[in-house]
Amino acid sequence: MAIQPNHFYASALKHADQNKQLIFTTGKTKSLQINAKASNARQLIQSGAIQPFTPKEAAAAMKEGFMLLDIRPIWETEKARVKGSLHVPLFVEDRDYSAITLLKKWVHFGYIGLWTGQKFTMFNPNFVRQVEAAVPDKESKLLVACGEGLRSMMAASKLYEGGYRNLGWLAGGFNRATEGDFPEIEGNEKLQYATIGGVSYYFLRLLLLLQAVGKSD
């Protein structure tokens with residue numbers, strides 16, 4: 001049976017998500033905020049206020065006037081990004097170095113960072129203002145995208161609250177993209193693997209190698 005890298009990645013994310021619950025005492029508050037944003041975004045998508053697009057539909061949407069807004073953190077966009085897309089991160093690295101935050105970072109690294117390569121982050125407090133600076137016309141068509149679809153769902157909700165009304169959402173995120181879905185990719189990694197980092201990245205490379213060897217036999 002062929003090895004499916006996407007299945008491997010989903011398993012890695014599940015492993016990381018299960019361990020997130022052990023990390024910090026203030027994590028419940030952050031989790032409630034994320035869940036509330038995601039729930040609001042789902043309602044907006046179901047009502048038609050935000051239009052979902054699959055990766056295969058994204059290129060056509062961009063030809064029809066949608067600007068691709070990539071809200072992934074910079075360490076993901078540096079690996080791979082769609083040429084011509086606008087980058088405004090929803091989450092940024094938490095640079096607080098107080099004793100409590102350092103402890104959280106240390107535990108985060110042990111449970112999540114080492115495995116996934118994801119840094120300890122916080123909501124970007126200037127997210128909407130940065131989008132407004134880049135796209136001041138709130139009637140502009142914005143297709144909001146991330147790696148898996150959850151972060152972009154929250155970002156679309158925040159933009160809707162900020163007055164943007166022609167919003168699209170990349171369902172499933174870049175991880176669901178296949179070769180040819182987007183016309184031109186910049187960076188050294190495949191777009192669908194750009195979210196993967198840490199130890200899991202090396203497991204992925206090993207699985208891809210084994211898959212290639214299996215096909216050649």
Side-chain angles (χ1 to χ4, degrees), residues 10 13-14 16-17 20-21 23-24 26-62 64-77 81-82 85-94 112 116 118-177 181-182 191-192 194-195:
L13 284 178
K14 182 178 180 182
D17 287 340
K20 281 182 182 177
Q21 299 173 10
I23 294 181
F24 11 70
T26 58
K28 289 184 179 179
T29 302
K30 186 175 181 180
S31 178
L32 287 173
Q33 292 174 340
I34 291 174
N35 289 337
K37 287 292 182 186
S39 177
N40 185 44
R42 290 190 187 97
Q43 292 174 5
L44 291 171
I45 292 168
Q46 290 170 359
S47 70
I50 296 176
Q51 185 177 357
F53 294 93
T54 67
K56 290 189 180 300
E57 297 168 336
M62 292 165 67
E64 294 174 359
F66 274 91
M67 176 185 294
L68 185 64
L69 173 59
D70 189 338
I71 60 90
R72 295 175 299 160
I74 190 169
W75 52 89
E76 292 182 26
T77 58
R81 59 203 168 274
V82 177
S85 59
L86 172 64
H87 175 231
V88 181
L90 179 64
F91 289 94
V92 293
E93 184 177 1
D94 190 335
I112 298 175
T116 67
Q118 289 295 327
K119 298 181 181 181
F120 189 77
T121 60
M122 56 180 280
F123 274 113
N124 176 4
N126 300 312
F127 173 71
V128 175
R129 287 196 293 272
Q130 289 173 352
V131 174
E132 289 172 338
V135 188
D137 182 4
K138 294 191 176 181
E139 294 301 315
S140 299
K141 295 180 178 181
L142 294 176
L143 176 54
V144 190
C146 68
E148 307 88 13
L150 177 60
R151 293 171 294 180
S152 54
M153 190 184 291
M154 293 186 288
S157 175
K158 289 179 72 69
L159 291 172
Y160 189 86
E161 292 172 1
Y164 288 89
R165 289 296 180 267
N166 291 315
L167 294 170
W169 167 63
L170 189 66
F174 292 126
N175 291 357
R176 297 291 182 89
D181 284 349
F182 295 94
L191 190 60
Q192 59 266 44
T195 307

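Keep in mind that the numbers below use all heavy atoms, side chains included, and drop hydrogens, waters and symmetry copies.
In this structure N166 satisfies the side-chain hydrogen bond (donor to acceptor under 3.5 Å, both in side chains) test with no other residue, sequence neighbours excluded. Residues satisfying the side-chain hydrogen bond (donor to acceptor under 3.5 Å, both in side chains) criterion with R165, sequence neighbours excluded, are absent altogether.
Here the straight-line distance linking atom CG of N126 with atom CD of E132 works out to 11.0 Å at 0.5 Å rounding. Separating the CD1 atom in I71 from the NE2 atom in H87 is a distance of 8.0 Å, to the nearest 0.5 Å. We find the CZ-CG distance between F66 and L142 to be 8.5 Å, quoted to the nearest 0.5 Å. Atom OG of S152 is separated from atom CG of L167 by 11.5 Å, given to the nearest 0.5 angstrom. Note that CG of L143 is 11.0 Å distant from CD of E64, once rounded to the nearest 0.5 Å. Taken from CZ in R72 to CD in E148, the straight-line distance is 9.5 Å, to the nearest 0.5 Å.
E76 places no side-chain N or O within donor-acceptor distance of the main-chain N or O of P73, the cut-off being under 3.5 Å. Side-chain N or O atoms of K138 include one that pairs as donor or acceptor with a backbone N or O of G162 at under 3.5 Å. Listed for the R176 side chain is no donor-acceptor partner under 3.5 Å among the backbone atoms of G172.
Of all non-hydrogen atoms in S157 and I50, the two that sit nearest each other are N-CD1, 4.3 Å. Across N40 and E161, no two heavy atoms sit closer than the pair ND2-OE2, 3.6 Å. The two atoms that bring A145 and L68 nearest to each other are CB-CD1, 3.9 Å, heavy atoms only. Contact record, A171 with P55: O-CD, 3.6 Å, taken as the closest heavy-atom pair.
Using a 4.5 Å cut-off on side-chain heavy atoms (C-beta onward), L86 and V135 make contact. Looking at heavy atoms from C-beta onward, F91 lies in side-chain contact with R151 at the 4.5 angstrom threshold. Within the 4.5 Å cutoff, the side chain of L90 has no heavy atoms near those of the N124 side chain. L191 has its side chain within reach of V82: a pair of non-hydrogen atoms, C-beta onward, lies under 4.5 Å apart. Put simply, the side chain of L159 reaches to within 4.5 Å of the side chain of L69, judged on heavy atoms. Here the side chains of M153 and I45 are in contact, with some heavy-atom distance below 4.5 Å. Side chains of I74 and T77 form a contact here, defined as non-hydrogen atoms less than 4.5 Å apart.
The stretch residues 124-176 participates, sequence neighbours left out, in these ring-ring contact (aromatic ring centres under 6.0 Å, His included) pairs: F174-F182.
Counting only N and O atoms by type, the side chains of S85 and D70 include no donor and acceptor under 3.5 Å apart.
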